[in-house]
Visitor: 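Have a look at this one before I ask anything.
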Amino acid sequence: MQSGELEQAVRMFYRMNAVEESRIRPDAVSLCNILPAFAAGRASKQGKEVHGYAVRTGLVDDLFVGNAVVDMYAKCGLIDDARKVFERMEVKDVVSWNVMVTGLSQMGRFEDALGFFEKMRREDIELDVVTWSAVIAGYAQRGYGYEALDVFRQMVVSGCEPNVVTLVSLLSGCACDGALLHGKEIHGYVIKQILNLIKNDHGEEQMVINSLIDMYAKCKADNLARKIFDHVAPVNRNVVTWTVMIGGYAQCGEANHALELFSQMVKQNKPTKPNVFTISCALMACARLAALRLGKQIHGYVFRHRYGKSDELFVDNCLIDMYVKSGDVDAARVVFNNMSLTNVVSWTSLLTGYGMHGRGLEAIELFKGMRKAGMPIDGVTFVVVLYACSHSGLVDKGLEYFETMTQEFGVVPGVEHYACMVDLLGRAGRLEKAMEIINQMPMEPGPVVWVALLGSCRVHTNVELGEYASNKLLELGCENDGTYTLLSNIYANAKRWKDVARVRFLMKDTGIKKRPGCSWVQGKTGTATFYVGDKTHPLSEEIYNLLGDLMYQIKALGYVPDTNFALHDVDDEEKGDFLVEHSEKLALAYGILTTAPGVPIRITKNLRVCGDCHIAITYISKIIDHEVILRDSSRFHHFKNGYCSCKGFW
DNA sequence: TTAGGGTTAG
């Protein structure tokens with residue numbers, strides 16, 4: 001409810017009091033008009049007074065008034081008061097029960113809501129579409145898609161006809177865990193219902209179609225989602241239709257498609273104005289791709305189209321995240337500094353940024369500022385602070401924070417904090433101390449802890465501990481390409497080719513494929529993507545020629561190819577050739593060819609940067625007139641004048 | 001009178 005409406009309701013209320021004094025009694029109808037207004041405005045004080053009036057006058061015994069009072073208390077968060085009134089009602093109907101079921105569900109007491117639902121069934125109260133929809137929505141909001149689907153089935157069996165609300169709730173539940181994709185008969189049913197809605201010209205089918213698109217996109221069936229999207233005539237698409245499709249692509253890792261669609265949205269003949277949801281989805285896509293240029297354009301769009309005060313905070317937080325992940329943490333800081341209002345997300349996003357870019361000291365300063373500003377410091381804050389220490393090699397500072405987080409802040413370390421400590425010590429090469437921390441853990445070390453240890457074993461070539469960590473991961477059922485690849489790399493590093501072959505065989509046997517390494521550069525005309533040994537780019541010949549030149553030049557400066565990273569069981573000369581073809585080197589050469597002197601080259605890699613590429617790019621940065629900003633799956637590396645910002649902590 | 005769709009930090 002708008003605040004104006006609430007004021008109006010309050011005025012009505014005082015007029016009603018005056019009326020009471022003049023002995024003209026407001027009737028049930030007036031109470032049923034006023035109570036929902038107080039419910040919507042969460043105005044429990046006024047609501048209570050009206051309740052008092054209803055008791056004094058006996059109007060509370062009216063079924064509709066009773067229901068409105070219960071609903072008012074429930075909506076104001078006073079669910080126990082709601083329940084007391086409900087219990088005292090002599091005559092109840094299905095609405096009285098429905099109000100309690102939804103009230104409890106929305107107060108986070110879903111178990112109790114289900115208790116009421118069961119009681120309704122036991123007492124043979126005829127359930128209506130609102131009861132069923134409320135329970136389906138309750139499951140859906142908690143991410144229990146299968147349960148929502150199950151209740152939906154029971155509803156259909158009982159003969160109760162679903163409506164738009166039911167379908168929208170069901171689909172939002174199915175979007176959480178892909179349940180609908182496994183229930184084809186329900187799919188058919190939903191489609192039939194939508195067709196019915198369209199045929200009967202309800203005008204509400206758009207909402208169901210939007211939910212359907214969202215559900216498919218969230219179930220990673222983005223092709224299917226797009227099919228439906230394309231099927232909807234452009235005039236019938238509203239801002240949500242666009243947003244769910246853009247957000248769906250962003251979450252499916254199809255950020256390019258998301259951004260194409262965003263451009264299409266704002267360039268239509270009669271454009272649909274993106275709202276904050278759309279903006280945040282588009283910025284999320286930019287952040288994933290590190291698409292700084294497009295992110296800046298969206299920033300410009302936001303600036304020109306001034307969003308409301310309450311939306312500003314949300315959009316600014318998304319902008320900070322976009323700038324941080326696109327490699328421009330200083331731009332993120334400017335956004336932060338210009339915010340009239342910040343919240344914990346704003347601070348944490350920027351803190352993460354300083355961590356990712358290896359600017360640990362600034363992260364620590366920001367953390368101090370966060371305390372001064374009175375922001376809540378919780379477990380998440382410490383994950384970020386420890387991460388920042390870890391990526392800047394601030395081992396002692398990290399150990400200090402780990403000690404004080406409980407003593408000073410009352411935050412008990414969870415598995416994720418131990419994982420940060422293992423990472424912190426591991427990156428710094430203190431593997432024994434990392435193992436000591438693991439042995440001291442009061443809980444079972446989860447996969448995150450072993451992954452952190454395994455990663456460090458890879459960097460610091462510790463075969464024994466690496467084998468131990470990967471065995472632990474396999475015991476925990478983490479049979480993914482990352483575990484096997486890291487282990488295989490550790491063996492290859494130690495020249496244990498038989499073991500490499502064994503791991504590769506295991507991968508083949510279990511059908512696990514290594515994700516191919518892939519790097520991309522944002523050029524003026526779009527994104528150029530490269531895989532290992534890629535020769536598909538139109539500039540391929542120039543790229544390889546330039547790389548050949550660069551290799552020749554840096555070898556003269558002292559660069560020796562680190563063949564440990566080639567990981568093929570061939571002789572060293574051949575390995576050198578494989579190394580030249582790594583995706584990050586190809587991306588860099590393309591960047592040099594297409595970027596004006598003095599302008600930074602921004603590269604993104606889906607996996608961690610290869611050690612040899614890291615050394616090579618450090619050398620190359622001595623002889624080119626560009627800063628190279630490389631984001632890998634772990635952090636940012638800023639290469640300039642023969643130096644990398646990561647200082648070896650990667 | 002009661003139920004409903006799309007966003008941010010680790």
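Every heavy atom of this structure was used, including side-chain atoms; hydrogens, water molecules and symmetry mates were not. In what follows, chains carry the letters A, B, and so on, assigned in the order in which the sequence lines appear, proteins first and then strands, with residues in each chain numbered from 1.
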Visitor: Among B:dG10, B:dT7, B:dG6, which nucleotide sits nearest the side chain of A:Thr352?
Guide: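 My answer, after comparing the listed nucleotides, is B:dG10.
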Visitor: Does a side-chain N or O of A:Gln251 approach OP1 or OP2 of B:dT7 to a distance below 4.0 Å, or not?
Guide: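 Yes.
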Visitor: Ring-plane angle category for A:Phe86 and A:Trp97, please: parallel below 30°, perpendicular beyond 60°, tilted otherwise.
Guide: perpendicular
Visitor: Check every atom of B:dT1, B:dT7, B:dG4 against the side chain of A:Ser169 and return the nucleotide holding the closest atom.
Guide: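 Looking only at side-chain atoms, A:Ser169 lies closest to B:dG4.
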Visitor: Measure from NZ or CZ of A:Arg306 to the centre of the six-membered ring of A:Phe303 and say whether it is under 6.0 Å with the direction within 45° of the ring axis.
Guide: yes
Visitor: Quick one: label A:Ser133 by what it contacts on the DNA or RNA (base, sugar-phosphate, nothing), any heavy atom closer than 4.0 Å.
Guide: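 Answer is base: heavy atoms of A:Ser133 come under 4.0 Å of a base.
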Visitor: Grab the NZ-C1' distance between A:Lys325 and B:dA9 for me, whole Å please.
Guide: 8 Å
Visitor: What integer distance in Å separates A:Asn67:CG from B:dA3:P?
Guide: 12 Å
Visitor: Whole angstroms only, please: what is the CE-P distance between A:Met356 and B:dG10?
Guide: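 My rounded result for the distance is 8 Å.
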Visitor: Base, sugar-phosphate alone, or nothing: which one does A:Ala68 contact when heavy atoms must sit under 4.0 Å apart?
Guide: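 Nothing, no heavy atom under 4.0 Å.
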Visitor: Using a 3.5 Å distance criterion without hydrogens, assess whether the side chain of A:His357 forms a donor-acceptor pair with backbone atoms of A:Val324.
Guide: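 Indeed, once roles are kept as given, a pair shorter than 3.5 Å links the two residues.
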Visitor: Between B:dT8, B:dT2, B:dG4, which nucleotide gets closest to the side-chain atoms of A:Cys318?
Guide: B:dT8
Visitor: How is A:Val240 classified with respect to the nucleic acid when contacts are heavy atoms under 4.0 Å: base, sugar-phosphate, or nothing?
Guide: base
Visitor: Please give, in whole Å, the distance from B:dA3 C1' to A:Met120 CE?
Guide: 12 Å
Visitor: Closest to the A:Asn317 side chain: B:dA9, B:dG6, B:dT8?
Guide: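 Ranking B:dA9, B:dG6, B:dT8 by closest atom to the A:Asn317 side chain puts B:dT8 first.
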Visitor: Tell me: CE of A:Met107 to P of B:dA3, nearest whole Å?
Guide: 15 Å
Visitor: Out of B:dA9, B:dA3, B:dG6, which nucleotide sits closest to the side chain of A:Gln106?
Guide: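 Looking only at side-chain atoms, A:Gln106 lies closest to B:dA3.
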Visitor: Looking for any heavy atom pair under 4.0 Å, which part of the strands does A:Met100 touch: base, sugar-phosphate only, or nothing?
Guide: nothing
Visitor: Taking only the side-chain heavy atoms of A:Val130 (C-beta and beyond), determine which of B:dT1, B:dT2, B:dT8 contains the nearest atom.
Guide: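 Nearest to the side chain of A:Val130 among the choices is B:dT2.
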Visitor: Would you kindly give the CD1-to-P distance between A:Ile34 and B:dT1, to the nearest whole Å?
Guide: 15 Å
Visitor: Which nucleotide in the list B:dA9, B:dG4, B:dT2 gets nearest to the side chain of A:Asp128?
Guide: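 Closest nucleotide among those given: B:dT2.
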Visitor: Looking only at the side chain of A:Thr243 (C-beta and beyond, no hydrogens), which of the listed nucleotides B:dA3, B:dG6, B:dT8 gets closest?
Guide: B:dG6
Visitor: For the backbone of A:Gly358 and the side chain of A:Ser392, can you confirm whether one donor and one acceptor N or O come within less than 3.5 Å of each other?
Guide: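 Checked: pair present.
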Visitor: What's the closest nucleotide to the side chain of A:Val380 if the choices are B:dA9, B:dG6, B:dG4?
Guide: B:dA9
Visitor: Would you say the side chain of A:Asn163 and the base of B:dA3 hold a donor-acceptor pair, judged only by whether the two atoms sit under 3.5 Å apart?
Guide: yes
Visitor: Backbone N or O of A:Val232 within a donor-acceptor pair of the A:Arg237 side chain at under 3.5 Å?
Guide: yes
Visitor: Nearest whole angstrom, please: distance from the P of B:dT2 to the CG of A:Asn98.
Guide: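 Computing the A:Asn98:CG to B:dT2:P distance gives 11 Å.
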Visitor: Separation of A:Tyr139 atom OH from B:dA3 atom C1', in whole Å?
Guide: 16 Å
Visitor: How about A:Asn67 and A:Asp93: does a side-chain donor come under 3.5 Å of a side-chain acceptor?
Guide: yes
Visitor: Answer with base, sugar-phosphate or nothing: what part of the nucleic acid does A:Val383 contact at a heavy-atom distance below 4.0 Å?
Guide: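 It contacts sugar-phosphate atoms only.
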Visitor: Determine whether the aromatic ring centres of residues A:Tyr307 and A:Phe314 are separated by less than 6.0 angstrom.
Guide: no
Visitor: Contact class for A:Asn275 vs. all strands (heavy atom < 4.0 Å): base, sugar-phosphate, or nothing?
Guide: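 Result for A:Asn275 = base.
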Visitor: Which residues in residues 75-97 of chain A have at least one heavy atom lying under 4.0 Å from any atom of DNA chain B?
Guide: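 Those residues are A:Lys75, A:Asp93, A:Val95.
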Visitor: Under the salt bridge (Lys or Arg N to Asp or Glu O under 4.0 Å) test, which residues partner A:Arg371, sequence neighbours left out?
Guide: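 So A:Arg371 forms a salt bridge (Lys or Arg N to Asp or Glu O under 4.0 Å) with A:Glu408.
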Visitor: List the residues meeting ring pair (Phe, Tyr, Trp, His ring centres under 6.0 Å) with A:Tyr354, not counting sequence neighbours, and say none if there are none.
Guide: none
